[in-house]
Amino acid sequence: MTKITAAITGVQGYVPEYVLTNEELEKTIETTDEWIVTRTGIKERHILKGEGLGTSVMGAEAVRGLLKKTNTQPEEIDLLICATVTPDYFFPSTANLICDKVGISNIASFDIAAACSGFINALTTGAMFIESGRYKKIIVVGADKMSAIVDYTDRTTCVLFGDGAGAVLLEPSTDGNGLQDFILKSDGSGANHLIQPAGGSAYPPTHETIDAKQHFIYQEGPSVFKFAVTRMADVSAEIMERNNLTGEDIAFLVPHQANKRIIDATANRMGVGAEKVMLNIHKYGNTTAATIPLCLWDYESQLKKGDNLILAAFGGGFTWGSVYLKWAI
Ligand code: UT7
């Protein structure tokens with residue numbers, strides 16, 4: 001029997017119009033463009049403005065574009081998965097809301113929460129439905145409105161994050177392209193290093209939690225940095241090794257965009273030159289679940305059928321992992 005693999009057959013991104021530059025941040029907090037650029041690689045980020053507009057608005061924009069670009073009707077979609085840690089609501093899921101906004105109904109749709117590794121977890125989940133032969137067209141979205149949970153008076157976090165969404169279409173392939181392998185990991189003992197402390201069932205919202213700013217992201221930057229550098233590099237090296245790949249074989253590393261220094265360390269470990277590293281952190285910052293699909297969208301014109309890509313991510317949880325796929329379009 002011919003092996004069915006899950007191939008990305010379309011990619012689309014969306015970032016909101018408003019651009020928050022480092023220069024703008026210099027006016028409100030004690031920071032400099034020079035510090036932000038040298039420590040992170042970020043120049044600017046996009047922010048979703050407007051009352052009542054949540055992550056689903058950006059996800060829906062990306063999905064609408066994806067349907068149009070791939071000439072797909074909403075009725076053809078079998079499943080939509082959305083990776084996000086900034087859902088519009090705890091329930092219903094953002095995936096449900098995106099479907100409704102783009103005219104998809106009566107199919108399964110659900111969210112996956114794995115912070116910055118959300119997209120690779122959602123992508124591999126979707127791929128399993130395709131490989132099983134059960135579903136033929138699946139949309140995987142990575143979307144986050146980080147501005148909703150960022151404290152814009154905290155210079156250690158507010159310079160890092162931005163808003164955005166990316167979406168891919170997954171379809172069965174029998175020509176050997178598509179998803180080849182993946183490694184997904186988590187370590188919940190890392191929770192306190194990177195967390196939104198209140199608002200969930202452990203600490204539901206109270207006046208006290210709001211006064212203590214516990215609904216914003218809390219991050220111990222340097223310790224997260226140490227974990228991220230080693231684990232993202234380890235898991236990328238591991239997936240190359242077990243698939244007999246060298247840096248030469250890789251067309252592009254598609255890394256989560258949290259910090260350019262983490263990306264450089266991962267590329268070095270893999271033996272991949274800077275020209276083969278997808279980078280858009282300078283213009284979007286860290287958009288959490290959206291970074292990887294936004295990279296694929298930005299670099300799409302440089303990709304050829306059969307190209308070997310390694311996707312790699314590290315984030316809150318801790319969660320991390322890598323995906324090896326062959327570009328299929
Ligand atoms: O995507 C999810 C996973 N997240 C990550 O992977 C993020 C990992 N962490 C990082 O990217 C880095 O740790 C940061 C970019 C957050 C910070 O860079 P760092 O090189 O680790 O700097 P640091 O935290 O050691 O801070 C150095 C100094 C501190 O001052 P003192 O205590 O040495 O006087 C900070 O207060 O820089 C200060 N600082 C700033 N200065 C100007 C922190 N933020 C800023 C800022 N502007 N925005």
Side-chain angles (χ1 to χ4, degrees), residues 20-45 83-86 113-121 142-147 149-164 166 185-196 216-236 253-267 269 278-282 284-295 311-322:
L20 177 61
T21 62
N22 288 351
E23 288 69 26
E24 202 60 37
L25 286 167
E26 280 178 348
K27 293 179 197 157
T28 52
I29 49 166
E30 214 173 294
T31 193
T32 59
D33 172 58
E34 201 256 333
W35 190 95
I36 303 171
V37 171
T38 53
R39 305 310 288 162
T40 72
I42 302 166
K43 282 295 289 177
E44 57 191 34
R45 65 292 285 146
T84 187
V85 284
T86 53
C116 297
S117 313
F119 183 76
I120 58 169
N121 277 275
D144 270 299
K145 182 187 169 185
M146 298 308 290
S147 62
I149 56 167
V150 162
D151 174 2
Y152 283 95
T153 64
D154 173 11
R155 71 174 183 172
T156 67
T157 52
C158 77
V159 302
L160 304 175
F161 296 97
D163 302 340
K185 304 208 178 209
S186 71
D187 177 1
S189 71
N192 289 336
H193 297 286
L194 178 49
I195 190 168
Q196 184 184 353
F216 292 126
I217 297 171
Y218 169 79
Q219 175 170 251
E220 288 161 11
S223 47
V224 176
F225 185 91
K226 276 186 215 136
F227 281 108
V229 159
T230 51
R231 293 193 173 161
M232 206 160 111
D234 281 352
V235 90
S236 306
L253 163 66
V254 194
H256 170 54
Q257 312 276 306
N259 188 314
K260 181 155 185 311
R261 291 181 290 144
I262 298 173
I263 296 170
D264 291 345
T266 304
R269 176 81 180 280
M278 292 194 188
L279 209 63
N280 58 21
I281 191 169
H282 52 289
Y284 305 144
N286 182 350
T287 55
T288 303
T291 59
I292 289 177
L294 281 173
C295 274
L311 282 46
F314 180 90
F318 295 128
T319 55
W320 68 104
S322 57

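Whatever order the structure lists them in is the order used to number ligands and atoms, beginning at 1.
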Select one of side chain, backbone, both or neither to describe which atoms of P222 lie under 4.0 Å from any atom of ligand 1, heavy atoms only. both
In terms of residue, atom name and distance, what is the protein heavy atom nearest to atom 7 (C) of ligand 1? Q219 OE1, 3.6 Å
Minimum side-chain heavy-atom gap I120-I292 below 4.5 Å: yes
Non-hydrogen side-chain atoms of N22 and E44 separated by less than 4.5 Å: no
For atom 2 (C) of ligand 1, find the nearest protein heavy atom and state the residue, atom name and distance (0.1 Å precision). C116 SG, 3.2 Å
Kindly confirm or rule out an N or O of R155 lying under 3.5 angstrom from an N or O of ligand 1. yes
Counting heavy atoms only, which part of I262 comes closer than 4.0 Å to ligand 1: side chain, backbone, both or neither? side chain
Side-chain heavy-atom pair T28, Y152 within 4.5 angstrom cut-off: no
Heavy-atom side-chain contact between T319 and S186 under 4.5 Å: yes
Are side-chain N/O atoms of T287 and D144 paired as donor and acceptor at under 3.5 Å? no
Taking every heavy atom of H193 against every heavy atom of S189, the minimum-distance pair comes out as CD2-O, 4.5 Å
State yes or no: are the ring centers of F314 and H256 separated by less than 6.0 Å? no
Which residue owns the protein heavy atom closest to atom 20 (O) of ligand 1, what's the atom, and how far is it? R39 NH2, 2.5 Å
Tell me whether ligand 1 is touched by I36 - counting only heavy atoms on the residue side and a distance under 4.0 Å. no
Pull out every atom of ligand 1 sitting under 4.0 Å from any heavy atom of V159, numbered as shown with elements. 48 (N)
Which residue holds the protein heavy atom closest to atom 27 (C) of ligand 1, what is that atom called, and what is the gap in Å? W35 CZ2, 4.4 Å
Please indicate, with yes or no, if any protein heavy atom is found under 4.0 Å from atom 4 (N) of ligand 1? yes
So for ligand 1, is T40 a polar contact partner (N or O within less than 3.5 Å, distance only)? no
Any heavy atom of T156 under 4.0 Å from ligand 1? The part involved is both
Flag, side chain of T40 to backbone of V37, donor-acceptor distance under 3.5 Å: no
At under 4.0 Å between heavy atoms, is it the side chain or the backbone of N286 that contacts ligand 1, or both, or neither? side chain
Of all heavy-atom pairs linking D163 and S147, the shortest is OD2-OG, 2.7 Å
Has ligand 1 got any nitrogen or oxygen that is less than 3.5 angstrom from a nitrogen or oxygen of G221? yes
Please list the nearest protein heavy atom to atom 47 (N) of ligand 1 with its residue and the distance rounded to 0.1 Å. T31 OG1, 2.6 Å
Give the atom numbers and elements of ligand 1 that come within less than 4.0 Å of a heavy atom of A258. 1 (O), 5 (C), 6 (O)
Atom 31 (P) of ligand 1 touched by protein heavy atom at under 4.0 Å: no
Are T288 and T86 packed together at the side-chain level, in the sense that at least one heavy-atom pair is separated by less than 4.5 angstrom? no
State the atoms of ligand 1, each with its element, that fall below the 4.0 Å cut-off from a heavy-atom position in R261. 18 (O), 19 (P), 20 (O)
Pairwise side-chain contact, V229 with K226, heavy-atom cut-off 4.5 Å (strictly under): no
List the closest protein heavy-atom neighbour of atom 14 (C) of ligand 1: residue, atom name, distance to the nearest 0.1 Å. N259 ND2, 4.4 Å
Q257 side chain reached by I263 side chain, heavy atoms, under 4.5 Å: yes
